[in-house]
Amino acid sequence: MRTICLYFEIHQIIHLKRYRFFDIGTNHYYYDDYANEYSINEVAERSYIPALSALIDMAKNSGGAFKVALSISGVALEQLEIHAPAVIDLLHQLNDTGCCEFLAEPYSHGLSSLANEDCFKEEVKRQCAKMKQMFGKSPKVFRNSSLIYSDEIGGLVASMGFKGMLTEGAKHVLGWKSPHYVYHCSHNPNLKLLLRDFKLSDDISLRFSNSEWSEYPLFADKYIGWIDALPQEEQVINIFMELSALGMSQPLSSNILEFLKALPACAKDKGITFSTPTEIISKLKSVSQLDVPYPMSWVDEERDTSCWLGNSMQREAFNKLYSIAERIHLSDDRRIKQDWDYLQASNNFRFMTTKNSGVGLNRGIYESPYDAFTNYMNVLGDFIKRVESLYPMDIDNEELNALLTTIKNQGDEIDELHKELEQLQTKLEKGKAAPVKAVKATTAKTKAPAAKKPATKKVTKKEVAK
């Protein structure tokens, strides 16, 4: 049976303020609070709240037949908790319907997968922990920032225990192949891949309200008709986009939400279902491996990473940022960690692009890519000075590596203990575990055994006298 996998991304840009060269060393706060609060309230009011309300209605009215997937960066969750708690409430309501799957992604919505393996793993784990804390579910499927993927990244994601990953159905990778099948990573066949149909996705997110588009106006029955007309053997239709497309890119006055609400009924008439990513990778087998030697993404016509790393300014900023990644890994300073998340966000590098992508780019306070580069490098200069004050650059490499090795070993031990605890809890739930006292005894074995006290010998009065 043919099924639609509908997925939305939620991320929020953290706006940097004007930061001058003379601020370096004197001002350690880098953000435009007014712009951040204004922008997230605007997108919440115009997009997130009405769009999430529509998704909740669709789930309830379909009797559980409608399914959707969401991924939310940790940075976006932080901002929503502070400035738009109503959106958090709606996310909980959507979660309560049982029709929504939450996916994993890098906490910062950054490019760490292209730079530093340890940094990437750490922030994915943090985002997963945040999702588990908020929604009670640990993500099983991964999506990278802007759907960035390569064979190497896929192998890394598989090593973290994920069974599936979302990415782009780019023409230069697929060639004659269709994105409407399940594929798998060439480095690890256990990781299944769901590929975005960029045409069907962009028909909604980019072209829906364009009156000059040849298919305008687009109605739900026509859209489902396109899907139904595909070859019968093509069973998986992946429609991925930003949630802000519903209300921001495509204004509510275009009836975008009415179109969305009509999709489940039209799909049902054609015998087409909706599924979450986990349901698809659990039920369907991979038809082939996907070979992606160089990173691809869902951005611009090239579907690569050139919008972030395409010119010398971007690469200079990127390399300078990740040159201190190992020292950040050692730090437990909360402000340092938070600034690190915000400075990693991919939009900081996107503002520096000199490409003519054909899509309007709002650079915010920046007049040009060179202006964006200068401002970011000023901020980064101050941030690096703060990091160096904690972990000077003249620390011997062997000493730094020893510290990192110790931290890694401790992390591995903690992960093993968590796995043992989860196994014990599973056994308890199934009624197969030993009593609680025995469990405690088993857990105690993981600790270093206490040294035995030497046996004490009673001394007689005669021996004392001697």
Side-chain angles (χ1 to χ4, degrees), residues 4-13 39 42-55 58 66-73 76 87 100 103 105 109 143-149 166-171 179-180 194-220 222-227 236-264 266-267 274 277 296-304 307 346-347 350 357-362:
I4 295 172
C5 181
L6 184 62
Y7 154 79
F8 295 102
E9 165 204 299
I10 296 179
H11 172 61
Q12 184 61 30
I13 290 175
S39 62
E42 181 185 33
V43 73
E45 183 178 344
R46 291 176 55 187
S47 173
Y48 293 163
I49 290 176
L52 288 171
S53 298
L55 293 175
M58 292 165 70
F66 172 74
K67 305 290 179 62
V68 67
L70 290 175
S71 74
I72 314 169
S73 69
V87 175
C100 179
L103 310 184
E105 71 164 66
H109 195 80
R143 63 86 59 184
N144 204 359
S145 309
S146 301
L147 299 188
I148 294 173
Y149 177 82
L166 276 56
T167 188
E168 177 72 1
K171 284 183 178 180
H180 304 144
L194 299 181
L195 309 185
R196 173 179 180 257
D197 184 315
F198 63 85
K199 180 187 180 302
L200 288 172
S201 300
D202 290 349
D203 284 343
I204 297 176
S205 63
L206 297 181
R207 292 183 281 270
F208 182 82
S209 61
N210 182 5
S211 59
E212 297 181 358
W213 180 34
S214 61
E215 301 294 344
Y216 179 87
L218 179 61
F219 295 101
K222 180 197 289 188
Y223 188 79
I224 294 297
W226 293 344
I227 295 174
V236 183
I237 314 301
N238 301 306
I239 301 170
F240 307 157
M241 67 192 78
E242 297 177 356
L243 186 63
S244 60
L246 310 178
M248 299 295 287
S249 302
Q250 307 305 319
L252 298 181
S253 58
S254 68
N255 293 322
I256 184 69
L257 294 185
E258 285 68 21
F259 166 84
L260 190 72
K261 290 178 181 179
L263 289 177
C266 294
F274 284 83
M296 66 175 176
S297 74
W298 70 357
V299 179
D300 293 346
E301 187 65 28
E302 294 85 355
R303 304 290 198 266
D304 58 13
C307 65
S346 61
N347 58 277
R350 175 73 160 161
S357 63
V359 179
L361 174 62
N362 181 4

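The structure displayed is predicted, hence computed values, not measured ones. Excluded from the calculations below are hydrogen atoms, water molecules and symmetry mates; all remaining heavy atoms, backbone and side chain alike, are included.
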**Q.** Side chain Thr167, main chain Leu147, donor-acceptor under 3.5 Å
**A.** yes
Q) Looking only at heavy atoms, what is the nearest atom pair of Leu246 and Ser47, with distance? A) O-OG, 2.8 Å
Q: Decide yes or no for His109 and Ser346: does some side-chain heavy atom of the first lie under 4.5 Å from some side-chain heavy atom of the second?
A: yes
Q.
If we ignore hydrogens and angles and just use 3.5 Å, is the side chain of Lys222 paired with the main-chain N or O of Glu215 as donor and acceptor?
A. yes
Q. Looking at CG of Leu70 and CD of Glu105, how far apart are the two atoms once the value is rounded to the nearest 0.5 Å?
A. 10.5 Å
Q: Show your working on side-chain contact (heavy atoms from CB on, under 4.5 Å) between His180 and Leu195 and close with a plain yes or no.
A: CA-CA 7 Å; His180 304 144; Leu195 309 185; over 6 Å; no
Q: State, with a plain yes or no, whether a side-chain heavy atom of Leu243 is found less than 4.5 Å away from one of Val43.
A: no
Q. Can you check whether Leu200's main-chain N or O pairs, donor with acceptor, with Tyr223's side chain at less than 3.5 Å?
A. yes
**Q.** Charged N-O contact under 4.0 Å between Asp300 and Arg350
**A.** yes
Q: Quick one: closest heavy-atom pair of Cys5 and Asn238, and the distance?
A: CB-OD1, 3.3 Å
Q. Quick check, are the ring centers of Phe208 and Phe259 under 6.0 angstrom apart?
A. yes
Q: Using a cut-off of 6.0 Å, state whether more than 12 heavy atoms not belonging to Lys171 lie near its atom NZ.
A: no
Q) From Phe240 CZ over to Asp197 CG, what is the distance, rounded to the nearest 0.5 angstrom? A) 9.5 Å
Q.
Give me the atom names and distance for the closest heavy-atom approach of Trp226 to Asp203.
A. CZ3-OD2, 3.4 Å
Q. Can Tyr7 and Ser71 be counted as having a side-chain donor-acceptor contact under 3.5 angstrom?
A. yes
Q: With rounding to the nearest 0.5 Å, note down the distance linking CZ in Phe219 to CD1 in Ile224.
A: 14.5 Å
Q: State whether the side chain of Arg207 and the backbone N or O of Lys199 hold a donor-acceptor pair below 3.5 Å, judged by distance alone.
A: yes
Q.
Rounded to the nearest 0.5 Å, what separates atom SG in Cys100 from atom CG in Leu55?
A. 8.0 Å
Q: Can you sort out the partners of Glu45 under salt bridge (charged side-chain N to carboxylate O under 4.0 Å, His left out), two or more places apart, ordered by chain and number?
A: none
Q. Between the side chains of Ser205 and Gln250, does any donor sit under 3.5 Å from an acceptor?
A. no
Q. If you round to the nearest 0.5 Å, how far is CG of Leu263 from CE of Met58?
A. 6.0 Å
Q) Which pair of non-hydrogen atoms, one from Ser297 and one from Asp304, has the smallest distance, and what is that distance? A) OG-O, 2.6 Å
(Q) Any heavy-atom pair between the side chains of Ile204 and Met241 that's under 4.5 Å? (A) yes
Q: Considering non-hydrogen atoms only, spot the tightest contact between Ala267 and Phe274 and give its length.
A: CB-CE1, 3.9 Å
Q.
Applying side-chain hydrogen bond (donor to acceptor under 3.5 Å, both in side chains), can you list everything that pairs with Glu258, at least two apart in sequence or on another chain?
A. none
Q: Report the residue from Glu9, Glu168, Glu242 that forms a salt bridge (charged side-chain N to carboxylate O under 4.0 Å, His left out) with Arg143.
A: Glu9
